[in-house]
Amino acid sequence: MSAIDLPSPSDRIDPDTPGSVADRLLSWYDRSRRRLPWRSDPGHRPDPYHVWLSEIMLQQTTVATVGPYFQKFLEKWPTVEALAEAPLDDVLHAWAGLGYYARARNLHKCAQTVAVDHAGVFPETEEALLTLPGIGRYTAAAVAAIAFGRRAVVVDGNVERVMARLFRVTKPLPDSKPALTALADTCTPTERAGDYAQAVMDIGATVCTPKRPKCTICPIVDLCLGRDIAEDLPARKPKPTKPTRRGVAFWIVRPDGAVLFRRRPESGLLGGMMEPPSSDWVTEGVPDPTPPVAVIERVPLTGMVRHTFTHFHLELDVHHCRTDAGTVAPDEGRWVLPDRFGDLALPTVMKKIVRHAMKGR
Ligand code: SF4
């Protein structure tokens, strides 16, 4: 039986009825929730700045990874106004290691918008939150519910998994997303919406886990229709294989040891981040690009740098180049001595290039 065929309404899904999914998850949350640095105690409203910051950091990253970053950001920038006033490079630098730098750029933009257009106060409704940079449907719902106690349907991967199992939704993702969201809606209570949102996420993260769910200690086990096939849910359509792109990165060294770095264009992948200049990354053919400045020697290094992005694999050859002392850096470029490399906001793939080039000299 699929979720959509469920008889409704019933006290199984009426969120405000004692014994309902929401009622049980809230009781469980009061006893067994995860203690996380950005959370307040049940029934208390946390600081919206903390909620927003943690939610942006948690997108596609684990709780364990985010913890130290969250603390570091709060120490450096204790308020949204302080974050708004920080230089973008400092924010990108502090973000390095969390990936998806577009999120850090939007985080900074969002802080500036809240500080300037909203007098430092986050708006409370999903609609108003959605107008802020970097806030999509999930984050708007999460902040509205958790920071402001508004009834909002918060659906992340954990919630999708719990709903798919609880209601035995066998249709694969992503086609089942609208149905899973509708089911999450039917379970969401009008009271304690923020605690409820966190309760479902916690159940998904700690009990209804992707592998070997702990059904025997699950507070909704007797309501769950899919526990016998839990590990197969949610079903997913097979992912298309990722293409491989290729390119050449230039490690261009001046006689004094300074190396040429360049800022990537603001829009696009790794926008605004620093890089050793590289060619376009292409799926067809072998690139043979020209370095961005005149060089007097160019030697391809042995081996290559490999990195995997969300949508493609990247393979980069690195060419070690020497240039004259007076060579001027091109637009958006600058010469950096090795003892200053640590000051650069370098994404992971660029750090790999630096390591490869330093090793291969
Ligand atoms: Fe998940 Fe098992 Fe609980 Fe069902 S009973 S919601 S499968 S942990």
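Note that ligands are numbered from 1 as they come in the structure, with each ligand's atoms numbered from 1 the same way. All figures in this text were calculated on a predicted structure; none of them were measured in a lab.
Counting protein heavy atoms only, atom 3 (Fe) of ligand 1 is closest to Cys218 SG, 2.4 Å.
By the 6.0 Å and 45° rule, Arg264 stacks over the aromatic ring of Trp281.
Taking the six-membered ring where the residue is Trp, the centroids of Phe312 and Phe309 are separated by under 6.0 Å.
Contact annotation for Cys224 and ligand 1: only side-chain heavy atoms (C-beta onward) come within less than 4.0 Å of the ligand.
By the 30° and 60° cut-offs, the orientation of the rings of Trp251 relative to Phe341 is perpendicular.
Within the structure, ligand 1 has Val221 among the residues with a heavy atom less than 4.0 angstrom away.
Because the distance cut-off is set at 2.8 Å, Cys215 fails to qualify as a neighbour of atom 3 (Fe) of ligand 1, as none of its N, O or S atoms comes that close.
Around atom NZ of Lys352, more than 12 heavy atoms belonging to other residues, nucleotides or ligands sit under 6.0 Å away.
Taking 4.5 Å as the limit, every side-chain heavy atom of Thr323 sits out of range of all side-chain heavy atoms of Pro291.
Across Cys208, Gly226, Ala230, heavy-atom proximity to atom 8 (S) of ligand 1 is greatest for Cys208.
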